Amino acid sequence: MLERLWARVQKDEEISNQVVDSVIRFLRDNESKDEEGSSSEKKSDHELFKGIEGMITTKKRKIEPRTPAQKKYIEAMYKNQLTFGVGPAGTGKTYLAIAMAVSMLERGDIERIILSRPAVEAGERLGFLPGEMKEKMDPYMRPLYDALQDTMYSDKLVKKIASEEIEIAPLAFMRGRSLNNAFIILDEAQNTTSNQMLMFLTRMGNNARMVITGDPGQIDLHKNETSGLIEAENILGGVEGIAITKFTSQDVVRSKIVSRIIDAYDTKRNKS
């Protein structure tokens, strides 16, 4: 761990609590794999640290994976046309997907970014909220704006939203569209119905990448509605060109108490 951190110091890179935590997580993950016999010989320090080097680079910042699952997720987005990021809140699913989209847009690999969410959250529906459509949607879309602002300079972001190179829209607005040369992200996908998920999946056009994120533990649909995310996992697992990355409470990169909260709720739900 000290060798890895010293290498960062030599490159004038940040050393923070989160960086130290991420190095420890990678070391522990590789150590546990060795104990399980998944590796025939002990990995060198270079190989242990090599895994954390895979990163997403935008003009504003470099984003390193903090956990083995995040590393796997980043690799999946590079390699696959459709990637699912499934797991609890705070694991970086949406943030990393948006960072990847920004990186590809800045490199010219795609021409636009499209971000979407279903308009169902925490038991509320848009019809009950005051104001016009944009005013109703802004609170739901705020986490997406926040991630964009963290990975892209503000002046560039404003211009790209104005030119519609970056589009943020509710899921219902996706119907009937064919999305070419785009990086398309569906967030909070646990709140899609079966039909909505199929509709969204079939929007993918030529030279398009799609990432779908969601937390099966926070479904806000009516009890008689099937989550499109859970159904898609079951149907699409093993299909060529599609990757499903699972996150757990151990991958939470917010305050450590969030991991303990998730574990406590999971234990209670499993008993009931």
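Remember, it's a predicted structure, so these values are computed and weren't measured experimentally.
A donor-acceptor pair is defined here as one N or O able to donate and one able to accept, closer than 3.5 Å; no such pair exists between the side chain of N181 and the backbone of I110. Put simply, the side chain of Y73 gets close to the backbone of K93: a donor and an acceptor are under 3.5 Å apart. Without hydrogens or angle criteria, S103 side chain to A99 main chain gives no donor-acceptor distance under 3.5 Å. Between the side chain of T58 and the backbone N or O of T151 there is at least one donor-acceptor pair closer than 3.5 Å. Within the 3.5 Å criterion, the main-chain N or O of H222 finds a donor-acceptor partner in the side chain of E225. In this structure, S227 contributes its side chain and Q190 its backbone to a donor-acceptor pair below 3.5 Å. A donor-acceptor pair under 3.5 Å links the side-chain atoms of N180 to the main chain of N206, judged by distance alone. No side-chain donor-acceptor contact under 3.5 Å links Q196 to the backbone of G228. With hydrogens and angles disregarded, no donor-acceptor distance shorter than 3.5 Å links the side chain of N234 to the backbone of E231. With hydrogens and angles ignored, the 3.5 Å screen pairs a side-chain donor or acceptor of N80 with a backbone N or O of A76.
Ionic pairing of R142 and D146 is present here: one or more N-O contacts between side-chain nitrogen and carboxylate oxygen are shorter than 4.0 angstrom. The pair R177-E167 meets the salt-bridge criterion, with a side-chain N (NZ, NE, NH1 or NH2) lying under 4.0 Å from an Asp/Glu carboxylate O.
Side-chain contact between D109 and N207 is absent, with no heavy atoms from C-beta onward closer than 4.5 Å. Looking at heavy atoms from C-beta onward, L186 lies in side-chain contact with P118 at the 4.5 angstrom threshold. Annotation: side chain of R175 is not in contact with side chain of F200 (no heavy-atom distance under 4.5 Å). Side-chain contact between I161 and I166: present, with at least one pair of heavy atoms (C-beta onward) separated by less than 4.5 Å. Using a 4.5 Å cut-off on side-chain heavy atoms (C-beta onward), L82 and M204 make contact. In this structure the side chain of L179 reaches within 4.5 angstrom of the side chain of R112, judged on heavy atoms. M55 places a side-chain heavy atom less than 4.5 Å from the side chain of K62. Using a 4.5 Å cut-off on side-chain heavy atoms (C-beta onward), R61 and I63 make contact.
The neighbour count for Q10 CD, taken as heavy atoms of other residues, nucleotides or ligands under 6.0 Å away, is above 12. For K156, the NZ atom counts as loosely surrounded, since its 6.0 Å shell holds 12 or fewer non-hydrogen atoms of other residues, nucleotides or ligands.
With sequence neighbours left out, the salt bridge (charged side-chain N to carboxylate O under 4.0 Å, His left out) criterion links K246 to E233. Under the ring-ring contact (aromatic ring centres under 6.0 Å, His included) criterion, F183 pairs with no residue, sequence neighbours left out.
Nearest heavy-atom pair across S178 and G205 is OG-CA, 4.4 Å. A pairwise comparison of heavy atoms in P216 and G87 identifies CD-N, 4.2 Å as the closest pair. Between S116 and L144, the closest heavy-atom pair is N-CD1, 4.4 Å. The shortest non-hydrogen separation linking A189 to M197 is CB-CE, 3.9 Å. In plain terms, the two heavy atoms of L157 and Q149 that are nearest each other are CD2-CG, 3.5 Å. Considering every non-hydrogen atom in both L171 and M199, the closest pair reads O-CE, 3.7 Å.
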Report the C-alpha distance between L236 and L201 in whole Å, list the side-chain angles of each, state the deciding distance to 0.1 Å, and finish with yes or no for side chain to side chain contact (heavy atoms under 4.5 Å, CB included). CA-CA 11 Å; L236 299 177; L201 289 170; 3.9 Å; yes

With side chain to side chain contact (heavy atoms under 4.5 Å, CB included) as the criterion, how do I185 and I114 come out once you've worked through the C-alpha distance, each side chain's angles and the decisive distance to 0.1 Å? CA-CA 6 Å; I185 298 172; I114 298 169; over 6 Å; no

Given side chain to side chain donor-acceptor pair (under 3.5 Å), test S163 with E165 step by step and report yes or no. CA-CA 5 Å; S163 66; E165 289 177 78; 3.0 Å; yes

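The salt bridge (Lys or Arg N to Asp or Glu O under 4.0 Å) pairs that include a residue from residues 198-218 number zero, where partners must be two or more places apart or lie in different chains.
Under the 4.5 Å side-chain heavy-atom criterion for grouping Ile, Leu, Val, Met, Phe, Trp and Tyr, L198 is not connected to I235 through any hydrophobic cluster.
Partner V102 forms a side chain to side chain contact (heavy atoms under 4.5 Å, CB included) with one of M104, E106, M100 and no other, that one being E106. Residue I219 is tested with L229, T226, I230, T192 for a side chain to side chain contact (heavy atoms under 4.5 Å, CB included); the sole match is I230. For the side chain to side chain contact (heavy atoms under 4.5 Å, CB included) with T213, the lone residue among T245, T94, T91 that qualifies is T94.
Note that OH of Y145 is 4.0 Å distant from CD1 of I168, once rounded to the nearest 0.5 Å.
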